[in-house]
Amino acid sequence: MVERCGARGVAIKRPSGLNDVSGLIIPGGESTTIGKLIDEYGFTPELKRFGAAGMPVFGTCAGLIILSARVKGRHGTVLGLADVTVERNAFGRQVDSFERDLAVEGIADEGRPFRAVFIRAPVMEETGPPVEVMASLEEGAVMARQGTLLLGAFHPELTDDERIHRYFVEMVAEARRPG
Ligand code: GLN
């Protein structure tokens, strides 16, 4: 997806790989497992530093949980960079996965909404003052931005619609611009 948006995409497998990129997408999956692997491979301090240094990071679904400062019902967080409280599996189990046409502030309006795919998705139940909510459902916020962090509860890579990736690639380009 990012290559279709004019950026080069590489998979980061070791913390040192972070030195070679200008932005990072933490994808969906299973946040408990991802969190354990992040810790085991020594990523935790490096990722915290990367995010805190203003390098753009986009967390989708489990990636959003990894970035969150508060996870309901769970002690401790992985990166704790985003001032949000997330609830995991907020819409139910795998069988309750669904798609929804979503208006996303600055990206997709009502006239041409984004078809968002939710798979055992979390929601942001609360967002702190630095967080700008970009899309919500009844259960809570599902897309938001906090400075150079982009937070999504759904899977924008599962459609052909590049608008959200394009927005993130632009955030990366913006962060690289001097001054
Ligand atoms: N339910 C998963 C979790 O809590 C997230 C699902 C996903 O990334 N699609 O980690």
Side-chain angles (χ1 to χ4, degrees), residues 1-3 7-99 116-128 131 134-135 139-159 164-165 167-169 171-172:
M1 273 304 240
V2 293
E3 305 228 327
R8 198 162 69 88
V10 290
I12 302 296
K13 304 210 166 155
R14 294 274 182 262
S16 60
L18 290 169
N19 298 324
D20 305 330
V21 296
S22 324
L24 180 74
I25 298 177
I26 306 180
E30 210 286 316
S31 58
T32 310
T33 309
I34 297 174
K36 277 188 191 146
L37 291 171
I38 282 179
D39 186 46
E40 236 170 72
Y41 282 75
F43 267 110
T44 312
E46 302 301 327
L47 284 173
K48 283 186 176 168
R49 205 169 308 150
F50 189 86
M55 302 295 273
V57 183
F58 181 17
T60 65
C61 208
L64 155 64
I65 299 167
I66 296 294
L67 286 172
S68 298
R70 296 167 298 278
V71 181
K72 255 178 100 180
R74 200 194 258 182
H75 296 291
T77 54
V78 182
L79 301 178
L81 292 167
D83 187 4
V84 300
T85 306
V86 289
E87 175 167 25
R88 295 178 64 200
N89 305 323
F91 303 94
R93 298 154 60 92
Q94 193 82 15
V95 292
D96 301 310
S97 297
F98 61 97
E99 296 182 18
V117 181
F118 291 85
I119 303 171
R120 286 219 301 149
V123 286
M124 294 173 263
E125 277 205 339
E126 285 165 12
T127 56
V131 180
M134 299 164 74
E139 290 78 357
V142 292
M143 182 105 212
R145 178 170 175 175
Q146 175 185 324
T148 49
L149 301 179
L150 189 62
L151 311 163
F154 52 91
H155 283 264
E157 79 284 8
L158 293 182
T159 61
I164 289 178
H165 286 84
Y167 180 87
F168 181 65
V169 167
M171 276 173 66
V172 175

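Predicted model, so just to flag it, every value in this text is computed and none were measured.
- L47 has its side chain out of reach of I66: every pair of non-hydrogen atoms, C-beta onward, lies at least 4.5 Å apart.
- Scanning all heavy atoms of the two residues, the minimum distance from A153 to C61 falls at O-SG, 3.4 Å.
- When all heavy atoms are compared, the tightest approach of R120 to R93 is CG-C, 3.7 Å.
- Between R74 atom CZ and E87 atom CD the span is 12.0 Å, to the nearest 0.5 Å.
- V21 and M55 get closest at one heavy-atom pair: O-CE, 3.4 Å.
- The line from CD of E157 to CD1 of I164 is 10.0 Å long, rounded to the nearest 0.5 Å.
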Practice task
Would you check, one step at a time, whether the test salt bridge (Lys or Arg N to Asp or Glu O under 4.0 Å) holds for K36 with E30?
Solution key: CA-CA 10 Å; K36 277 188 191 146; E30 210 286 316; over 6 Å; no
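- Here the CD1-CD1 distance, from I26 to I38, works out to 5.5 Å after rounding to the nearest 0.5 Å.
- When the shell of 6.0 Å around OH of Y41 is examined, it contains 12 or fewer heavy atoms from other residues, nucleotides or ligands.
- Contact check for F91 versus V123: side-chain heavy atoms found under the 4.5 Å cut-off.
- Side chains of V2 and V172 form no contact here, defined as non-hydrogen atoms less than 4.5 Å apart.
- Taking each heavy atom of V86 and S68 in turn, the nearest pair found is CG1-OG, 3.3 Å.
- Here the OG1-CG distance, from T32 to L37, works out to 11.0 Å after rounding to the nearest 0.5 Å.
- Residue L149 is tested with V131, V84, V57, L79 for a side chain to side chain contact (heavy atoms under 4.5 Å, CB included); the sole match is V57.
- When all heavy atoms are compared, the tightest approach of I34 to P27 is CD1-O, 4.1 Å.
- Between F58 and F168, the angle of the ring planes lies from 30° to 60°, which puts this pair in the tilted group.
- Between R88 and V71 the shortest side-chain heavy-atom distance falls below 4.5 Å.
- Counting heavy atoms from C-beta on, the side chains of T60 and P156 come closer than 4.5 Å.
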Practice task
Determine, stepwise, if the pair D83 / R70 fulfils side chain to side chain contact (heavy atoms under 4.5 Å, CB included).
Solution key: CA-CA 8 Å; D83 187 4; R70 296 167 298 278; 2.8 Å; yes
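- You'll find the side chain of L81 stays beyond 4.5 Å of the side chain of Q146, heavy atoms only.
- Here the side chains of V10 and D20 are not in contact, with every heavy-atom distance at 4.5 Å or above.
- Rounding to the nearest 0.5 angstrom, the gap separating the CZ atom in F118 from the CG atom in D96 is 13.5 Å.
- Contact detail for S31 and A62: the closest heavy-atom pair is N-CB, 3.8 Å.
- For the pair M143 and F154, the minimum side-chain heavy-atom distance is below 4.5 Å.
- Atom NE2 of H165 sits about 11.5 Å away from atom CD of E3, to the nearest 0.5 Å.
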